[in-house]
Amino acid sequence: MKRNVIILAVMSVCIALVVTGCQKKDTSAIKIGVAGAHSGDLASYGLPSVNAAKLVAEAINAKGGINGRKIELVIEDDQCKPELATNAASKLVSSNVVAVIGHICSGATKSALGIYKDSKIVTISPSATNPPLTQSGEYPNFFRTIAPDDAQAKLAATFLAQTLKLKTIAVLHDKGDYGKGFAELVKQFAEEQGVTVALFEGVNPGAPDYSAVVNKIGNAKVDGVVWGGYHPEASKLVQQMKDKGMNIPFISDDGVKDNTFIEVAGKYAEGVYATGPMDTSSNPLAIMAVEDHKKKFGEEPGAFFLNAYAATLAVTNAIAKAGSTDYDKVTAALRSEYVDTPLGKISFDQKGDVIGFGFSVFQVQNGKYVELK
């Protein structure tokens, strides 16, 4: 009997050792999605985010990954179109990503967020600024490394009223979540400061000609124009306005604060104002990120590159701090931990908006955007 007890005890220890030996450390890849406009007219906004995520992932993987797990990127193109964004989101969910860097445009982001929310996937956008994305409370899985449009619109309205001292303006938009939302907020904030909005109108994006609305601007006798939307339409508007002798201030948003606008609009871009993410080019991490981009891709990074770089750093830092890819633990870390990024030391508030980073006003001077102090 005693011998049988000893044998059973030894067998129990052996079984325990076998079970312990089977519980090896998880070394599977941590999959992170990157979603946005990677083709089409707005690719210049989305491709920089892909490059940013690649650089951060490569740097982390070169150091052994996060807790021994390498980062694997899963990249999906939505062309900034809501109907394509839902498809991209479904593909990323099927790929078992634990987080998504993106989407880029507010409309596309809104279309995809419900899919990510249902699957408990953290989503961090470098550029989707529509206020309700965070302020509605509908998407607790959503974060962004850019300030929302209400902050951007208030800055634009204050600038046109107090610095440019405009009295009567036209406010145009592209009828989208982002462009119309920005335009409505500028109208509100401008009117609160005594500025008259003589014309408020939406135009169809992608139209070859905007002469009808340009004529309305002329008839309204305004002393400035605000545009809510993206660079393809803005370049046509400024060209047609200046061709008709309308040399009045043109103020837009971060959808126009992109070198592609300058390239497309050419000489007509000169003097255009746009709000956009604060210039952090003197930040050591920003300098390093830009240099790494030039070395790897052979060119300067484009719009929202630093915001996407910061977003990727934020989510990977949260995973490392949480010691897990668990949704609740990662979102808690995002809201409680600060991380050094090219934008500065940032965290996120309970709504998901970035803490520690905001907007500035820029102007095209001699073919380049210059931050106005």
Side-chain angles (χ1 to χ4, degrees), residues 41-42 105-107 129-130 149-150 152-258 260-276 361-365 369 372:
D41 289 342
L42 301 178
C105 299
S106 292
T129 52
N130 184 243
D149 280 334
D150 48 357
Q152 182 174 199
K154 191 167 188 176
L155 174 63
T158 300
F159 176 75
L160 68 87
Q162 298 184 14
T163 302
L164 298 182
K165 301 189 182 304
L166 304 184
K167 301 299 182 183
T168 306
I169 62 172
V171 180
L172 310 176
H173 60 83
D174 64 1
K175 302 181 182 179
D177 288 327
Y178 165 67
K180 186 178 180 182
F182 173 79
E184 288 175 337
L185 287 164
V186 171
K187 180 178 184 293
Q188 174 191 326
F189 293 132
E191 288 177 337
E192 288 174 358
Q193 297 187 61
V195 178
T196 298
V197 178
L199 177 66
F200 184 86
E201 188 158 330
V203 302
N204 294 321
D209 180 76
Y210 293 113
S211 57
V213 75
V214 169
N215 288 336
K216 288 184 179 181
I217 293 170
N219 293 334
K221 301 187 185 306
V222 299
D223 49 14
V225 173
V226 174
W227 166 248
Y230 299 101
H231 70 78
E233 292 73 33
S235 61
K236 294 175 186 176
L237 284 167
V238 295
Q239 178 178 345
Q240 291 175 33
M241 284 172 57
K242 290 187 177 181
D243 281 345
K244 291 201 172 187
M246 297 181 191
N247 293 309
I248 56 177
F250 188 94
I251 304 106
S252 193
D253 46 38
D254 58 329
V256 171
K257 201 269 163 181
D258 175 31
T260 306
F261 165 71
I262 299 173
E263 293 167 4
V264 174
K267 65 180 182 180
Y268 299 100
E270 198 67 20
V272 165
Y273 298 98
T275 52
V361 177
F362 297 80
Q363 185 183 31
V364 180
Q365 298 178 3
Y369 271 114
L372 304 181

(message) With heavy-atom distances below 4.5 Å as the criterion, would you say the side chains of Pro232 and Val264 are in contact?
(response) no
(message) Please evaluate residues Ile248 and Met241 with respect to the criterion side-chain contact (heavy atoms from CB on, under 4.5 Å), reporting the C-alpha separation (whole Å), side-chain torsions for both, the decisive distance (0.1 Å), and the verdict.
(response) CA-CA 9 Å; Ile248 56 177; Met241 284 172 57; 4.0 Å; yes
(message) I'd like to check Trp227 versus Val256 (side-chain heavy atoms, cut-off strictly below 4.5 Å). Are they in contact?
(response) yes
(message) Check for me whether the distance between the ring centres of Tyr178 and His173 falls short of 6.0 Å.
(response) no
(request) Indicate the atoms forming the closest heavy-atom contact of Pro208 with Gln240, along with that distance. (result) O-NE2, 4.1 Å
(request) Any chance you could measure Asp174, atom CG, to Leu237, atom CG, to the nearest 0.5 Å? (result) 10.5 Å
(message) If I compare all heavy atoms of Ala265 with all of Ser235, which pair ends up nearest, and what's the gap?
(response) CB-CB, 3.8 Å
(message) When you compare the side chain of Lys244 with that of Val214, does any pair of heavy atoms fall below 4.5 Å?
(response) yes
(message) When you compare the side chain of Gln363 with that of Val272, does any pair of heavy atoms fall below 4.5 Å?
(response) no
(message) Just verifying a value: how many Å separate Phe182 CZ and Asp254 CG, rounded to the nearest 0.5 Å?
(response) 8.0 Å
(message) Taking atom CG as the centre, does Asp41 end up with more than 12 heavy-atom neighbours from other residues, nucleotides or ligands that are less than 6.0 angstrom away?
(response) no
(message) Whether the Lys242 and Asn247 side chains hold a donor-acceptor pair (N or O, under 3.5 Å, no angle test) is what I'd like checked.
(response) no
(request) Mind listing the closest non-hydrogen atom pair of Lys236 and Ala207 along with its distance? (result) NZ-O, 2.7 Å
(request) Examine the side chains of Tyr268 and Asp243 and answer whether a donor and an acceptor come within less than 3.5 Å of each other. (result) yes
(message) I'd like to know whether the aromatic ring centres of Phe261 and Tyr230 sit less than 6.0 Å apart in this structure.
(response) no
(request) Test Leu164 against Tyr273 for side-chain contact (heavy atoms from CB on, under 4.5 Å), laying out the working first. (result) CA-CA 11 Å; Leu164 298 182; Tyr273 298 98; 3.6 Å; yes
(request) Grab the two heavy atoms, one from Leu42 and one from Cys105, that are nearest each other, plus how far apart they are. (result) CD1-SG, 4.0 Å
(message) As an exercise, state the distance from OG1 of Thr196 to NZ of Lys187, rounded to the nearest 0.5 Å.
(response) 10.5 Å
(message) Looking at every non-hydrogen atom in both residues, tell me the closest pair between Phe189 and Ala153 and how far apart they are.
(response) CD1-C, 3.8 Å
(request) Write down the atom of Pro249, the atom of Asp223, and the distance for their closest heavy-atom approach. (result) CD-O, 3.3 Å
(request) Any chance you could measure Gln365, atom CD, to Glu270, atom CD, to the nearest 0.5 Å? (result) 7.5 Å
(message) Could you tell me if the side chain of Lys175 sits less than 4.5 Å from the side chain of Asn204, heavy atoms only?
(response) yes
(request) Drop me the distance from Leu160's CG to Gln193's CD, to the nearest 0.5 angstrom. (result) 7.5 Å
(request) With rounding to the nearest 0.5 Å, note down the distance linking CG in Leu166 to CD1 in Ile251. (result) 5.5 Å
(request) May I ask you to test the Phe362-Thr275 pair for a side-chain heavy-atom distance under 4.5 Å? (result) no
(request) Answer yes if the side chains of Asp177 and Ser106 hold a donor-acceptor pair under 3.5 Å, and no otherwise. (result) no
(request) Establish, from distance only, whether the side-chain atoms of Gln152 and Asp253 form a donor-acceptor pair under 3.5 Å. (result) no
(request) Report the C-alpha separation of Ile217 and Leu199 in whole Å, then their side-chain angles, then the decisive distance to 0.1 Å, and conclude whether the side-chain contact (heavy atoms from CB on, under 4.5 Å) test is met. (result) CA-CA 7 Å; Ile217 293 170; Leu199 177 66; 4.0 Å; yes
(request) Would you indicate whether the side-chain heavy atoms of Leu172 and Val226 approach each other to under 4.5 Å? (result) no
